[in-house]
Engineer: 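Structure in structure tokens, see below.
Order of the sequence lines fixes the chain letters, A, B, ..., with proteins taken first and strands second; residue numbering starts at 1 for each chain. The analysis underlying the following values was restricted to heavy atoms, covering all of them including side chains, and did not include hydrogens, waters or symmetry mates.
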Number of protein chains: 2
Amino acid sequence: MSFLSEKECEGPIKCPVMTTLSVIGGKWKPGILWELQNNEILRFGQLKKRLGTITQKMLTQQLRELETDGIIIRKIYPEVPPRVEYRLSDYGKSLSPVLNEMANWGTGHLQTITSK
Amino acid sequence: MSFLSEKECEGPIKCPVMTTLSVIGGKWKPGILWELQNNEILRFGQLKKRLGTITQKMLTQQLRELETDGIIIRKIYPEVPPRVEYRLSDYGKSLSPVLNEMANWGTGHLQTITSK
DNA sequence: CAGTATCCGAGTGGATACTG
DNA sequence: CAGTATCCACTCGGATACTG
């Protein structure tokens, strides 16, 4: 992510919210995490389909970042054609309260803005 | 925000998490909300000081967006020199579970990554 | 004090083509 | 199938100068 790095949290007062956003705040990361939370295990192509308009480049990039942060696990099957599965790590699952609160509020907000 | 608009939530499966991020996901918004949650009312200059390295342009911009989304309230006092106060709206306060969960996880994550 | 206006470099993310 | 490699348009956000 560009818009948030851990270093930038160092203001006069620290903001742990930024830390969280530096991990889940990528353009497609919420969607990826949401899907993996609801589906347990997904292949690259399945994720791509579910996310709709994401490009391969972006999907790969965001998945790599999540993997680097220890949020997801990437399992490669040595087959032809290749097969790669993604799932949340235990650490990644610790995000679920965060994601659920965000989804809650987001659902409400969506109703608020569409019903006026 | 550029990296997330409500429209982009329209994939095959909707992701309400993205909706939330479209509101609080700006580069400085978490910090602003965090400060307003902890301090109730802050003037423009006070916010700027607390956020450390933010520029006037960015602070103004992010505040306007939060105001447009109904998250914060901007109160102008017709004085010289001018005085403007910001605080969370009731709707903005409904974000506190989200912010608190994010802060929780962020605090833990910060320890995780710094202690290895 | 609390902005607005302008300029500009860096980074993001999309489209496309290619590969093991 | 699941990537990697380029190219490029666009936007974000920082620096600076000016104002009611």
Engineer: Trp28(B) side chain N/O closer than 4.0 Å to the phosphate oxygens (OP1, OP2) of dG14(D)?
Structural biologist: yes
Engineer: By side-chain hydrogen bond (donor to acceptor under 3.5 Å, both in side chains), which residues pair with Asn39(B), not counting sequence neighbours?
Structural biologist: Glu35(B)
Engineer: List for me each residue that meets ring pair (Phe, Tyr, Trp, His ring centres under 6.0 Å) alongside Tyr91(B), sequence neighbours excluded, and say none if there are none.
Structural biologist: Trp105(A), His109(A)
Engineer: Do Gln56(B) and Lys48(B) have side chains that get closer than 4.5 Å, going by heavy atoms?
Structural biologist: yes
Engineer: What is the distance, to the nearest angstrom, from the CG atom on Leu47(A) to the C1' atom on dG3(D)?
Structural biologist: 14 Å
Engineer: Please report the interatomic distance CG(Leu51(B)) to CD(Gln62(B)), rounded to the nearest 0.5 Å.
Structural biologist: 10.0 Å
Engineer: Tell me what Tyr77(B) touches on the nucleic acid: a base, only sugar-phosphate, or nothing, going by heavy atoms under 4.0 Å.
Structural biologist: nothing
Engineer: Tell me every residue that passes side chain to side chain contact (heavy atoms under 4.5 Å, CB included) with Thr60(B), counting only those two or more places apart in sequence or in another chain.
Structural biologist: Phe44(B), Arg64(B)
Engineer: Would you mind telling me which residue lines up with the more 5' stretch of DNA chain C, Met58(A) or Pro81(B), judged by nearest nucleotide?
Structural biologist: Pro81(B)
Engineer: Going by salt bridge (charged side-chain N to carboxylate O under 4.0 Å, His left out), name the pairs with one or both residues in residues 72-85 of chain A, residues two or more places apart or in two chains.
Structural biologist: Glu79(A)-Arg83(A), Arg83(A)-Glu85(A)
Engineer: Is Arg43(B) near enough to dC1(C) that one of its side-chain N or O atoms lies under 4.0 angstrom from OP1 or OP2?
Structural biologist: no
Engineer: To the nearest Å, give me how far apart CD (Gln61(A)) and C1' (dA15(C)) are.
Structural biologist: 15 Å
Engineer: Please report the shortest heavy-atom distance between Lys29(B) and Ser22(B), naming the atom on each side.
Structural biologist: NZ-O, 4.5 Å
Engineer: By nearest nucleotide on DNA chain D, pick out whichever of Phe44(A) and Thr55(B) is the more 5' one.
Structural biologist: Phe44(A)
Engineer: Taking side chain to side chain contact (heavy atoms under 4.5 Å, CB included) as the definition, give me every residue that meets it alongside Ile72(B), ordered by chain and number, with sequence neighbours left out.
Structural biologist: Leu33(B), Leu36(B), Leu63(B), Leu66(B), Glu67(B), Tyr86(B), Leu88(B)
Engineer: At a cut-off of 3.5 Å, list every protein nitrogen or oxygen paired with a nitrogen or oxygen from nucleotides 4-10 of chain D, distance to 0.1 Å.
Structural biologist:
none

Engineer: Rounded to whole angstroms, how far apart are NZ on Lys75(A) and P on dG3(D)?
Structural biologist: 15 Å
Engineer: Quick one: stems for DNA chain D, with Watson-Crick or G-U pairs under 3.5 Å, at least three in a row?
Structural biologist: C:1-20 with D:1-20
